[in-house]
Amino acid sequence: MTTPASTAPRTLRVGIAGCGAISRNHLEAFRALDDVEVVGVCDIDPERARVTAAAWGVPAAATVDELLGLDLDIVSVCTPHPTHEDVVLQAAAAGVHVLCEKPIAIELASAERMVAACEEAGVKLGVLFQRRFWPAAQRIRAAIDDGTLGRPIMGQCSVMLHREPEYYSRDAWRGTWASDGGGVLMTQAIHYIDLLQWFMGDVAEVYGKINTYKHGEHIEVEDSATAVITYTSGAMATVEASTAVSPSLGVQIRITGETGASASLTEFPEGSDGRVDLWAVAETISTEPVQPKGIFPNVDLATINGQLIPHHTAQVRDFVQALRDGTDPAVTGRDATKALRILLAIYESSRSGLPVRFAEAQCGTQSLPGTQSLAPVAG
């Protein structure tokens, strides 16, 4: 049956800010949706904006100001990490909803200003953490909610990835504190820190260390990190992350709940769909190989990004539906700020040698003397 024209949803107008590598995922995702039109792109390099617009059949190649003047409903922010705030604040002032690439920012205060500006302007702010949309991640989250796992008590996150030196050396901004905001934690592991927090709950305390073992000639930030995280529930988890691994081992996240049951997921090779590799419930264990034979482990960035397009599309679809329904998107700016806060606490703990405390933990967790504190996220 044909929907009457009077009740058909209005076509939403979208602009893409930033025409770097990840913009392809946003362009593909919006193009896959009905009643959505990408009407403009912009970039600090006008020629790159013109080339992108021509390649994708987008009507306008513009500056940020011109882009926001195109009667947009949504702007997708694909610019370098430290520039997210400027674009988001301009969009909020223009009354345009924002879907921003991760990390939301590289400083906690910046993220909080972005969240506050969007809330004050009455526009929605979503942040890309597309791995939450893996069916495997959804299955584990459901098993927590329905009591199969129950409240998580132990977690483990292993992000052991490969990067060639050229990954860092080909772009001057990569691997710098000022332009990248950090190393493996900020650029790669933040996805999985977000997943771990989504599964485990709010954080009470973080103790961590960072180091640079392999890429020191090309970066000033860390290529490796470890952390112990205590949650407000009293649960505990460990994190290890590195881009100094060859061959790559991929990513594994394991959760054990208060029922005693455990589940884990694997992303191997990097960029492939997460899959449940362990399901240990009700006295039975089912497993899949973490690193199947015959799969090349070291994947280039273009392939990684390309394989994530279906999950970008799922999150973009969720964001568009949230706008139409007047609800919150699956990953809000406040949600994304939690992951940022955790990794910034790892940096702070590594600098000070002390744990960073956010809040008190339950279950009689012992506190450590001399604990640092980090200002709470608004709300």
Side-chain angles (χ1 to χ4, degrees), residues 102 129-144 148-150 152-163 183-201 203 206 208-210 213-214 222-231 235-257 259-281 284-299 301 303-304 307-308 311 339 342-343 346:
K102 64 78 195 168
F129 280 119
Q130 71 279 4
R131 287 167 172 86
R132 285 202 193 188
F133 289 79
W134 282 335
Q138 298 279 333
R139 182 183 179 190
I140 291 175
R141 180 65 252 184
I144 293 168
T148 301
L149 293 173
I153 57 173
M154 296 290 289
Q156 179 180 344
C157 177
S158 176
V159 185
M160 303 298 280
L161 306 177
H162 173 83
R163 288 295 184 273
V184 63
L185 289 174
M186 187 70 75
T187 303
Q188 286 86 27
I190 189 171
H191 282 288
Y192 314 104
I193 290 171
D194 172 71
L195 273 181
L196 191 65
Q197 177 271 323
W198 187 46
F199 294 150
M200 301 289 293
V203 168
V206 175
K209 293 287 186 181
I210 65 172
Y213 293 114
K214 179 179 179 181
E222 86 289 352
D223 65 20
S224 302
T226 62
V228 176
I229 302 175
T230 304
Y231 296 83
M236 299 181 293
T238 60
V239 175
E240 62 174 358
S242 183
T243 55
V245 182
S246 187
S248 172
L249 302 178
V251 176
Q252 292 84 45
I253 299 176
R254 186 175 71 228
I255 303 296
T256 297
T259 65
S262 299
S264 72
L265 62 78
T266 286
E267 178 186 348
F268 179 84
E270 186 182 359
S272 63
D273 286 8
R275 52 191 171 77
V276 173
D277 63 82
L278 169 71
W279 194 259
V281 175
T284 63
I285 297 177
S286 59
T287 63
E288 293 185 10
V290 172
Q291 288 101 8
K293 294 180 180 179
I295 295 179
F296 184 72
N298 298 339
V299 185
L301 185 61
T303 301
I304 293 168
Q307 291 178 331
L308 291 170
H311 308 297
I342 294 166
L343 73 86
I346 299 173

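Values below: every heavy atom of this structure, side chains too, minus hydrogens, waters and symmetry copies.
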Quiz prompt | Under the side chain to side chain donor-acceptor pair (under 3.5 Å) test, residues paired with Gln252 that sit two or more places apart | solution = none
Self-check item: Shortest non-hydrogen contact between Pro152 and Ile255, atoms and distance
Solution: CB-CG2, 3.8 Å
Quiz item: Quick one: which of Gln307, Arg163, Gln188 gives a side-chain hydrogen bond (donor to acceptor under 3.5 Å, both in side chains) with Glu270?
Solution: Arg163
Practice problem: Would you indicate whether the side-chain heavy atoms of Pro247 and Gln291 approach each other to under 4.5 Å? | Solution: no
Self-check item: Intermediate values then yes/no, side chain to side chain donor-acceptor pair (under 3.5 Å), Thr226 and Glu240
Solution: CA-CA 4 Å; Thr226 62; Glu240 62 174 358; over 6 Å; no
Self-check item: pair Ile295-Phe268: side-chain heavy atoms closer than 4.5 Å
Solution: yes
Quiz item: What pair of heavy atoms forms the shortest contact from Cys157 to Leu196, and how long is it?
Solution: CB-CD2, 4.0 Å
Quiz item: When you measure from the side chain of Thr259 to the backbone N and O of Thr148, does any donor-acceptor pair fall under 3.5 Å?
Solution: yes
Quiz item: Side chains of Tyr231 and Met236: closer than 4.5 Å at any heavy-atom pair?
Solution: no
Exercise. Quick one: pull up CE in Met200 and CD1 in Ile153 and give me the separation to the nearest 0.5 Å.
Key: 8.5 Å
Taking distance alone, no hydrogens or angles, what donor-acceptor pairs closer than 3.5 Å link side-chain atoms of residues 129-138 to residues at least two apart or in another chain?
| from | atom 1 | to | atom 2 | distance (Å) |
| --- | --- | --- | --- | --- |
| Arg131 | NE | Tyr192 | OH | 2.9 |
| Arg131 | NE | Glu267 | OE1 | 3.0 |
| Arg131 | NH1 | His191 | ND1 | 3.4 |
| Arg131 | NH1 | His191 | NE2 | 3.3 |
| Arg131 | NH2 | Tyr192 | OH | 3.2 |
| Arg131 | NH2 | Glu267 | OE2 | 3.1 |
| Arg132 | NE | Asp194 | OD2 | 2.9 |
| Arg132 | NH2 | Asp194 | OD1 | 2.8 |
| Gln138 | NE2 | Arg132 | O | 2.8 |

Quiz item: Would you say the side chains of Thr243 and Asp223 form a donor-acceptor pair under 3.5 Å?
Solution: no
Exercise. Using a 4.5 Å cut-off on heavy atoms from C-beta on, say whether the side chain of Pro269 contacts that of Phe296.
Key: no
Self-check item: Val184 backbone acceptor or donor facing Thr187 side chain under 3.5 Å
Solution: no
Quiz item: Between Ala244 and Ser242, which heavy-atom pair has the shortest distance, and what is it?
Solution: N-OG, 2.9 Å
Quiz item: What heavy-atom pair brings Leu308 and Gly271 nearest, and what distance separates the two atoms?
Solution: CD2-O, 4.0 Å
Quiz item: Is a donor on one side and an acceptor on the other found under 3.5 Å between the side chain of Asn298 and the backbone of His162?
Solution: no
Practice problem: Answer yes or no: is there a side-chain heavy-atom contact under 4.5 Å between Val159 and Leu185? | Solution: no
Quiz prompt | Where Ser264 and Asp277 come nearest, the two heavy atoms and their spacing | solution = OG-OD1, 2.7 Å
Quiz item: Any side-chain heavy atom of Leu265 sitting closer than 4.5 Å to one from Arg254?
Solution: no
Exercise. Show the numbers, then the answer: is there a side-chain contact (heavy atoms from CB on, under 4.5 Å) between Asp273 and His311?
Key: CA-CA 9 Å; Asp273 286 8; His311 308 297; 2.7 Å; yes
Self-check item: Gap separating the CG atom of Leu278 from the CD1 atom of Ile253, nearest 0.5 angstrom
Solution: 13.5 Å
Quiz item: If every non-hydrogen atom of Ala225 is compared with every non-hydrogen atom of Ile210, which pair is closest and at what distance?
Solution: CB-CG2, 3.9 Å
